[in-house]
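Quick notes on the structure that follows.
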There are 2 protein chains.
Amino acid sequence: MAINDLSKDLAPIASITMADVVEVKLREYLKKKSFLPGDALPKELELAEALGVSRNVLREALSRLRMLGMIETKKKRGMVLARPDILGTFERVLDPLIIDKETLQDIFELRLVLEMGLADLIYIRKTDKDIAELESIAKKEVNLDNSFRIKNEIAFHGKLYEMSGNDTLKRFQIMLLPIFDYVVTLEKKPTRGKINHMDLVQILKTGSKADFKKGMEAHLKPHFDRLK
Amino acid sequence: MAINDLSKDLAPIASITMADVVEVKLREYLKKKSFLPGDALPKELELAEALGVSRNVLREALSRLRMLGMIETKKKRGMVLARPDILGTFERVLDPLIIDKETLQDIFELRLVLEMGLADLIYIRKTDKDIAELESIAKKEVNLDNSFRIKNEIAFHGKLYEMSGNDTLKRFQIMLLPIFDYVVTLEKKPTRGKINHMDLVQILKTGSKADFKKGMEAHLKPHFDRLK
DNA sequence: TAAGCCCTTATGTAGGACATATCAAATGTG
DNA sequence: CACATTTGATATGTCCTACATAAGGGCTTA
């Protein structure tokens with residue numbers, strides 16, 4: 001029966017629980033009342049009664065919001081609205097072992113896109129000190145064996161993100177590292193572009209933004225060549 | 001007293017609860033046992049007993065993992081490991097009203113970086129059909145009033161992301177839209193680059209990837225000029 | 001006025017109870 | 001014997017009660 005097949009395909013998605021509903025309602029409530037971080041929230045019993053659920057269900061929903069950093073609770077003070085750490089929540093599910101292959105590939109590409117687009121920020125904010133640091137990283141890599149070379153590679157590109165002057169971007173990169181690593185180690189032989197790290201440093205010192213963009217493109221070319 | 005000040009600054013961060021600990025322990029457990037999506041997990045009572053906590057605390061932790069999509073539960077079947085929707089969890093905390101100003105600015109820049117870096121993927125995967133769609137979007141915008149123009153702007157750039165052939169990237173962009181909007185509406189006068197949407201379409205039709213990168217740079221230049 | 005104590009209160013945790021949905025085995029029927 | 005139906009067992013979902021703990025607030029006292 002087609003209907004039977006359908007139900008078999010659709011049913012397992014899971015069932016919606018009270019905690020799910022309460023979570024959404026709490027979100028709406030917080031938004032509608034336009035609480036500001038630090039504002040005190042009603043007590044658990046009041047919320048539970050208002051929502052018509054047990055304190056147990058309410059606490060499951062609150063536990064989620066607390067995990068996301070949207071609320072903080074203290075023993076007697078009650079609950080207060082807080083600023084969630086948007087990247088911290090992201091990090092919780094970013095495990096290469098759990099993510100499916102297609103998404104892994106997508107994230108790998110996402111990182112390539114980011115690095116290609118970094119140039120504009122870097123050229124707005126780079127300092128001589130940054131470049132000196134970057135150069136010292138690049139110099140170290142000359143005589144390193146393979147495992148240390150990977151760490152150095154990470155340090156170099158990490159420094160580039162840092163030079164963007166964008167903390168969120170930098171943290172985002174750190175977060176994506178395991179995934180980048182994972183995909184890279186799946187590749188057979190190490191990819192090596194025509195432009196290496198020292199070349200990039202030289203460009204940063206004396207070259208134009210356009211030069212740097214071209215250099216980065218050449219540096220990452222082996223990765224892009226793999227895509228289809 | 002210095003010590004008193006310190007404790008006042010540090011203590012309010014919140015206190016760690018059993019649910020927090022259990023959440024971490026469950027994470028480690030799932031990773032260590034290297035469960036695969038679809039694998040059945042022990043029952044709640046067994047887990048609670050093994051961890052030495054009440055079923056209540058355990059369920060608060062499970063509720064968090066369930067929200068992240070890491071596990072799914074069915075009435076009698078028990079719990080199974082699932083693939084979390086990495087972006088879905090991200091979306092939950094991405095509210096312009098809650099995020100602090102610095103992070104908002106960071107995310108705004110992140111989106112600029114993404115758009116500048118899109119060219120390589122687009123030139124690998126663009127099709128004539130894509131370009132035709134993009135053109136029809138660009139054509140519509142000629143005689144639109146302001147509110148519709150914003151929607152059209154979104155549609156145009158959204159289509160660019162779509163042309164990257166990267167679903168995760170596309171969803172990511174959709175997710176960042178409210179924030180982009182929010183920051184843009186804070187600006188006084190509408191920014192208008194020297195290269196408009198129709199120009200970009202023309203480049204995509206006949207120009208090189210380098211041309212397109214330059215075009216995009218000119219198109220977004222007003223945004224970058226604001227940065228410091 | 002300031003320091004210290006006690007009481008109140010809201011959250012954190014535990015445990016029991018029952019509803020409900022579902023799987024699986026037992027049962028009935030052609 | 002094969003298939004449909006019923007029934008029982010079971011794991012999760014929800015509720016309730018109780019108590020521990022910490023922290024704010026007010027009170028007392030020096």
Side-chain angles (χ1 to χ4, degrees), chain A residues 1 3-4 6-26 35 38-67 69-82, chain B residues 1 3-26 35 38-82:
Chain A
M1 275 188 239
I3 290 180
N4 207 349
L6 188 66
S7 70
K8 270 194 176 176
D9 285 342
L10 291 179
I13 290 184
S15 55
I16 188 171
T17 69
M18 283 292 158
D20 297 320
V21 179
V22 171
E23 183 204 333
V24 173
K25 291 220 174 202
L26 283 176
F35 283 111
D39 287 359
L41 272 49
K43 342 183 202 296
E44 291 183 353
L45 278 174
E46 291 173 8
L47 287 174
E49 195 174 2
L51 289 163
V53 298
S54 73
R55 189 166 159 242
N56 220 320
V57 168
L58 177 81
R59 279 185 62 84
E60 282 190 24
L62 287 176
S63 175
R64 300 177 181 190
L65 300 187
R66 196 158 39 238
M67 173 184 64
M70 294 180 67
I71 60 175
E72 285 178 2
T73 57
K74 284 173 63 185
K75 269 287 168 77
K76 148 101 186 212
R77 178 83 173 267
M79 295 174 293
V80 297
L81 195 64
Chain B
M1 276 186 238
I3 290 181
N4 207 346
D5 290 351
L6 188 67
S7 70
K8 270 194 176 174
D9 285 343
L10 291 180
I13 289 184
S15 56
I16 191 171
T17 69
M18 283 290 153
D20 296 321
V21 179
V22 170
E23 183 204 333
V24 173
K25 290 220 176 202
L26 283 177
F35 283 112
D39 288 0
L41 273 49
K43 342 183 202 299
E44 290 183 354
L45 278 175
E46 290 173 8
L47 286 173
E49 195 173 2
L51 289 163
V53 298
S54 73
R55 188 165 161 243
N56 223 323
V57 168
L58 177 81
R59 277 185 62 84
E60 283 189 23
L62 287 176
S63 175
R64 301 178 179 189
L65 300 186
R66 194 159 38 240
M67 172 185 63
L68 298 178
M70 295 180 66
I71 60 175
E72 283 177 3
T73 58
K74 283 174 62 186
K75 270 284 166 83
K76 147 105 187 206
R77 182 84 172 263
M79 295 175 292
V80 296
L81 196 65

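- Contact check on A:R59 versus A:E44 returns a salt bridge, with a Lys/Arg side-chain nitrogen under 4.0 Å from an Asp/Glu carboxylate oxygen.
- Regarding B:I71, its CD1 atom lies at a distance of 11 Å from the C1' atom of D:dT12, rounded to whole Å.
- In this structure, the separation between OG1 on A:T73 and CZ on A:R66 is 4.0 Å, given to the nearest 0.5 Å.
- A sub-4.0 Å separation between OP1 or OP2 of C:dG12 and a side-chain N or O of A:T73 is present.
- A salt bridge does not link B:K25 with B:D20: none of the charged nitrogens is closer than 4.0 Å to a carboxylate oxygen.
- Remark: B:R64 CZ to B:M67 CE distance equals 8.0 Å, nearest 0.5 Å.
- Looking at heavy atoms from C-beta onward, A:L58 lies in side-chain contact with A:L51 at the 4.5 angstrom threshold.
- Counting to the nearest Å, the C1' atom of C:dA14 and the CG atom of B:L58 are 13 Å from each other.
- Rounded to whole Å, atom P of C:dT13 lies 13 Å from atom CG of A:L62.
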Just the table, please: protein N/O against nucleotides 16-25 of chain D N/O, every pair under 3.5 Å.
residue	atom	partner	partner atom	Å
D:dC16	N4	A:N56	ND2	3.0

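- Atom CG of A:D20 and atom C1' of D:dT12 are 13 Å apart (whole Å).
- In this structure, B:R59 does not reach the D:dT12 phosphate: none of its side-chain N or O atoms is under 4.0 Å from OP1 or OP2.
- Rounded to an integer number of Å, the gap from CD of A:E49 to C1' of C:dA10 is 15 Å.
- Taking 4.5 Å as the limit, some side-chain heavy atom of A:I71 sits within range of a side-chain heavy atom of A:L41.
- Atom CD in B:E44 sits about 16 Å away from atom P in C:dG16, given to the nearest Å.
- The two residues A:S63 and B:E60 have their closest heavy-atom pair at OG-O, 3.5 Å.
- The B:R66 side chain lies nearest to D:dG13 when the options are D:dA11, D:dT14, D:dG13.
- Note: CG (B:L51) to C1' (C:dA14) measures 15 Å, nearest angstrom.
- Looking at which nucleotide of DNA chain C each of B:V57 and A:L45 is closest to, the 5′-most match is held by A:L45.
- The CD-P distance, from A:E46 to C:dA10, rounds to 7 Å in whole Å.
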